[in-house]
Amino acid sequence: MLDDKEILSVCSPKDKVSGPYEIVYKTDYWAIVTLKYESRPRLGIRWFTGKIGTPSARGNATWFVLPEELYDSILSGLPLKPTQRFKIDKFLIGE
């Protein structure tokens with residue numbers, strides 16, 4: 001499994017992203033996190049493969065911010081506990 005510190009250390013693009021705050025789900029190769037993008041609660045995903053992973057910009061690891069319209073489909077497809085899903089949903093609506 002990926003190291004949580006490595007996952008949570010990615011905070012780019014620096015002028016737009018704050019967090020990530022919590023790991024929603026991770027595998028050996030990719031992770032989904034909660035973060036704020038332009039001060040709005042969002043979900044981000046990235047792949048931790050190779051030297052820098054994907055996506056990257058100018059040699060810096062970055063988050064791909066998922067479209068809000070995909071949140072329910074993505075979260076419903078993950079093996080999340082109901083309490084975890086509730087917490088994520090509250091974050092995403094700004095509570």
Checklist entry - Do any N or O atoms from the side chain of Q84 and from the backbone of V24 form a donor-acceptor pair under 3.5 angstrom? => result yes
Considering non-hydrogen atoms only, spot the tightest contact between [X] and [Y] and give its length.
X	Y	result
W63	A31	CZ3-O, 3.8 Å
F48	V10	CE2-CG2, 4.2 Å
I45	P55	O-CD, 4.1 Å

Checklist entry - Under 4.5 Å between side-chain heavy atoms, hopping through other hydrophobics if needed: is there a path connecting L66 to V17? => result no
Checklist entry - Is L70 reachable from I32 through a run of hydrophobic residues whose side-chain heavy atoms are each under 4.5 Å from the next? => result yes
Next on the checklist: Looking at R85 and D72, is there a salt bridge between them, counting it only when a charged N and a carboxylate O are closer than 4.0 Å?
Outcome noted: yes
Item to check | Lys/Arg-Asp/Glu bridge criterion (N-O < 4.0 Å) met for E6, K26 | outcome: no
Could you tell me the separation between the [atom1] atom of [X] and the [atom2] atom of [Y], rounded to the nearest 0.5 Å?
X	Y	atom1	atom2	value
L80	F86	CG	CZ	14.5 Å
E38	D15	CD	CG	8.5 Å
D4	I23	CG	CD1	3.5 Å
D28	T49	CG	OG1	12.0 Å
L2	I7	CG	CD1	4.5 Å
F64	Y37	CZ	OH	10.5 Å

Checklist entry - For S12, what residues pass the side chain to side chain contact (heavy atoms under 4.5 Å, CB included) criterion, not counting sequence neighbours? => result N60, T62
Item to check | Set of side chain to side chain contact (heavy atoms under 4.5 Å, CB included) partners for S18, sequence neighbours left out | outcome: Y21, K36
Item to check | Evaluation steps, side chain to side chain contact (heavy atoms under 4.5 Å, CB included), between E95 and K87 | outcome: CA-CA 9 Å; E95 291 184 15; K87 183 178 175 183; over 6 Å; no
Next on the checklist: Set out, in order, the CA-CA distance, both residues' side-chain angles and the distance that settles side chain to side chain contact (heavy atoms under 4.5 Å, CB included) for L75 and L43, then state yes or no.
Outcome noted: CA-CA 10 Å; L75 294 172; L43 290 178; 4.1 Å; yes
Next on the checklist: Counting the benzene-type ring for Trp, do Y25 and W30 have ring centres under 6.0 Å apart?
Outcome noted: yes
Item to check | Full working for side chain to side chain contact (heavy atoms under 4.5 Å, CB included) between I88 and L92 | outcome: CA-CA 6 Å; I88 294 165; L92 292 172; 3.8 Å; yes
Item to check | Sequence neighbours excluded, every pair satisfying salt bridge (Lys or Arg N to Asp or Glu O under 4.0 Å) that has a member inside residues 44-64 | outcome: none
